[in-house]
**Q** 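Here you go, one structure.
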Amino acid sequence: MKNYRSKRVLVTGGAGFLGSHLCERLLGAGHDVLCVDNFYTGAKENIAHLMGDPRFEVMRHDVTFPLYVEVDEIYNLACPASPVHYQNDPVSTTKTSVHGAINLLGLAKRVGARIFQASTSEVYGDPQVHPQKEDYWGHVNPVGIRSCYDEGKRCAETLFFDYRRQCDLSIKVVRIFNTYGPRMHPNDGRVVSNFIMQALLDQPITIYGDGSQTRSFCFVDDLIDGFLAFMDTPHEISGPMNMGNPGEFTILELAELVLELTGSKSQLVNEPLPHDDPTQRCPDITFAKEELGWEPQIKLRQGLEATIEYFEEVVRRG
Ligand code: NAD
Ligand code: UDP
């Protein structure tokens, strides 16, 4: 029998790293899930284990084109997230964020659905305020190599808040800080996947710059807990809300921890720091703590162990 509280939930980017975990959790909670993805960076393998579930449906679709479906809730995660991937076709990245937001907000308005936006800490750019709070407007280069992503996501936020003001749409905007875990793409160039793959293959660990830049790493399960809790908040609460782990590490510290946990013999090598690479990044999560009682539970060491286990399997499969 159908759970009376079960909803029809659309997850765009559902075959990606975060999206696949979200689909899994929504199905586990008894909802019908429609996963929409163009498989640009996502993969069918990420959702293969969900395919047999009659409440799970997959649609190949590019969110830059309109979508006509009937749903109760929308999570908009469609967008390449790794700098290597989003810089590969920057025009398409901006289109995905902006046209994607327009199409999905239009859909939400038509069917009266609540809509969630996966925004990013990148809206703060290379921040001059530390740690970053939601009321900080950011320090973003509008014409650099990260702009397609940063400005695309900023414009998407604008659209979400204008739909909120103009149409009273129920929106939930989350600014996600670096998140890692199983099902990250092994070659997506993000620091956690890069370092673990390099360590497991005994290849040099590539430290960009001197490794003194910082990031805060959140394990995927913690983040998805936050998504679900935020989506359940009253209409009045829209965000933007930071979500991430406030534990801050230099990239060098991360490399050393990965070496210790993998027992790898890899050497550290320095490579040039990419343009506009933020020097410091750490979320202030007071708002999420107050509104949701949410804060990450999983320490970096513990999350890395689970992630290393996943990548060991990826390496074994070849
Ligand atoms: P990912 O690349 O693994 O997933 C993105 C998914 O979106 C992929 O399955 C991809 O195929 C799909 N996609 C891309 N363009 C599309 C389009 N035009 N139409 C339909 N599908 C499309 O990345 P992720 O880490 O899972 O990130 C998910 C979301 O969270 C993204 O919006 C990203 O900007 C945001 N985010 C992630 C992080 C993080 O640390 N993982 C940090 C900040 C923000
Ligand atoms: N980085 C690195 N070596 C790598 C990949 C990334 O030193 O092999 C650095 C990168 O320059 C940045 C940080 O790690 O300072 C995080 O990079 P990532 O691409 O994971 O995400 P970002 O937070 O920059 O979007």
Side-chain angles (χ1 to χ4, degrees), residues 11-23 35-44 46-47 59-65 67 75-87 89 92-97 99-101 103-104 116-123 126 146 149-150 152-153 156 174-181 183-185 188-198 203-218 220 223-224 227 242-244 249-252 254-255 258 268-281 283:
V11 180
T12 75
F17 160 49
L18 297 180
S20 62
H21 286 274
L22 178 61
C23 288
C35 163
V36 161
D37 205 294
N38 69 350
F39 300 104
Y40 179 53
T41 53
K44 287 189 192 139
N46 288 341
I47 46 170
M59 184 193 287
R60 182 188 286 271
H61 173 81
D62 183 328
V63 296
T64 60
F65 296 97
L67 178 64
Y75 287 84
N76 184 31
L77 273 62
C79 186
S82 115
V84 172
H85 285 155
Y86 71 65
Q87 287 165 16
D89 184 349
S92 160
T93 299
T94 305
K95 282 186 183 168
T96 292
S97 278
H99 293 198
N103 290 327
L104 291 156
F116 172 105
Q117 168 67 356
S119 190
T120 169
S121 53
E122 284 286 313
V123 300
D126 191 0
R146 294 176 88 104
Y149 184 72
D150 302 7
K153 290 283 188 179
V174 170
R175 292 181 178 156
I176 305 165
F177 285 65
N178 298 61
T179 300
Y180 69 98
R183 298 197 209 120
M184 288 183 92
H185 196 296
D188 75 359
R190 283 188 268 194
V191 69
V192 173
S193 43
N194 260 17
F195 284 3
I196 294 179
M197 285 301 286
Q198 290 164 344
Q203 292 171 351
I205 306 275
T206 51
I207 309 279
Y208 300 162
D210 62 6
S212 62
Q213 69 272 36
T214 69
R215 293 292 186 275
S216 306
F217 300 101
C218 183
V220 60
L223 186 79
I224 304 296
F227 283 9
N242 287 340
M243 277 188 196
F249 296 84
T250 66
I251 294 307
L252 201 55
L254 175 73
V258 168
L268 304 184
V269 296
N270 292 92
E271 292 195 358
L273 190 67
H275 271 289
D276 292 335
D277 199 283
T279 15
Q280 255 190 326
R281 194 189 282 153

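Just so it is clear, the structure is predicted and the values come from calculations on it, not from any experiment. The figures that follow rest on heavy atoms only: side chains count, while hydrogens, waters and symmetry mates do not. For ligands, and for the atoms within them, numbers begin at 1 and follow the listed sequence.
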**Q** Looking only at protein heavy atoms, identify the closest one to atom 7 (O) of ligand 2 and say how far it is in Å.
**A** Y208 N, 2.8 Å

**Q** CZ of F17 to OG of S193: how many Å apart, nearest 0.5 Å?
**A** 9.0 Å

**Q** Where's the contact between R190 and ligand 1, heavy-atom distance under 4.0 Å: side chain, backbone, both or neither?
**A** side chain

**Q** Within the 4.0 Å heavy-atom shell around A78, which atoms of ligand 1 are there?
**A** 7 (O), 20 (C), 21 (N), 22 (C)

**Q** I'd like the name of whichever of Q198, M197, R146, H85 reaches closest to atom 25 (O) of ligand 2 through any heavy atom.
**A** R146

**Q** So which protein heavy atom does atom 3 (N) of ligand 2 come closest to, and at what separation?
**A** T206 O, 2.6 Å

**Q** Where on N178 is there a heavy atom closer than 4.0 Å to ligand 2, on the side chain, on the backbone, on both, or on neither?
**A** side chain

**Q** Pull out every atom of ligand 2 sitting under 4.0 Å from any heavy atom of P83, numbered as shown with elements.
**A** 19 (O), 25 (O)

**Q** Identify the closest protein heavy atom to atom 17 (O) of ligand 2: which residue and atom is it, and at what distance?
**A** V191 CB, 4.0 Å

**Q** Should the proximity of R281 to ligand 2, defined as any heavy atom under 4.0 Å, be assigned to the side chain, the backbone, both, or neither?
**A** side chain

**Q** Below 4.0 angstrom from a heavy atom of I207, which ligand 2 atoms are there? Numbered from 1 as shown, please.
**A** 7 (O)

**Q** Among Q213, E122, E271, R215, which residue places a heavy atom closest to atom 9 (C) of ligand 2?
**A** Q213

**Q** Using heavy-atom distances, let me know which of L77, N46, V36, V63 sits nearest atom 19 (N) of ligand 1.
**A** V63

**Q** Tell me: protein heavy atom nearest atom 10 (C) of ligand 2, and distance?
**A** D277 OD2, 3.3 Å

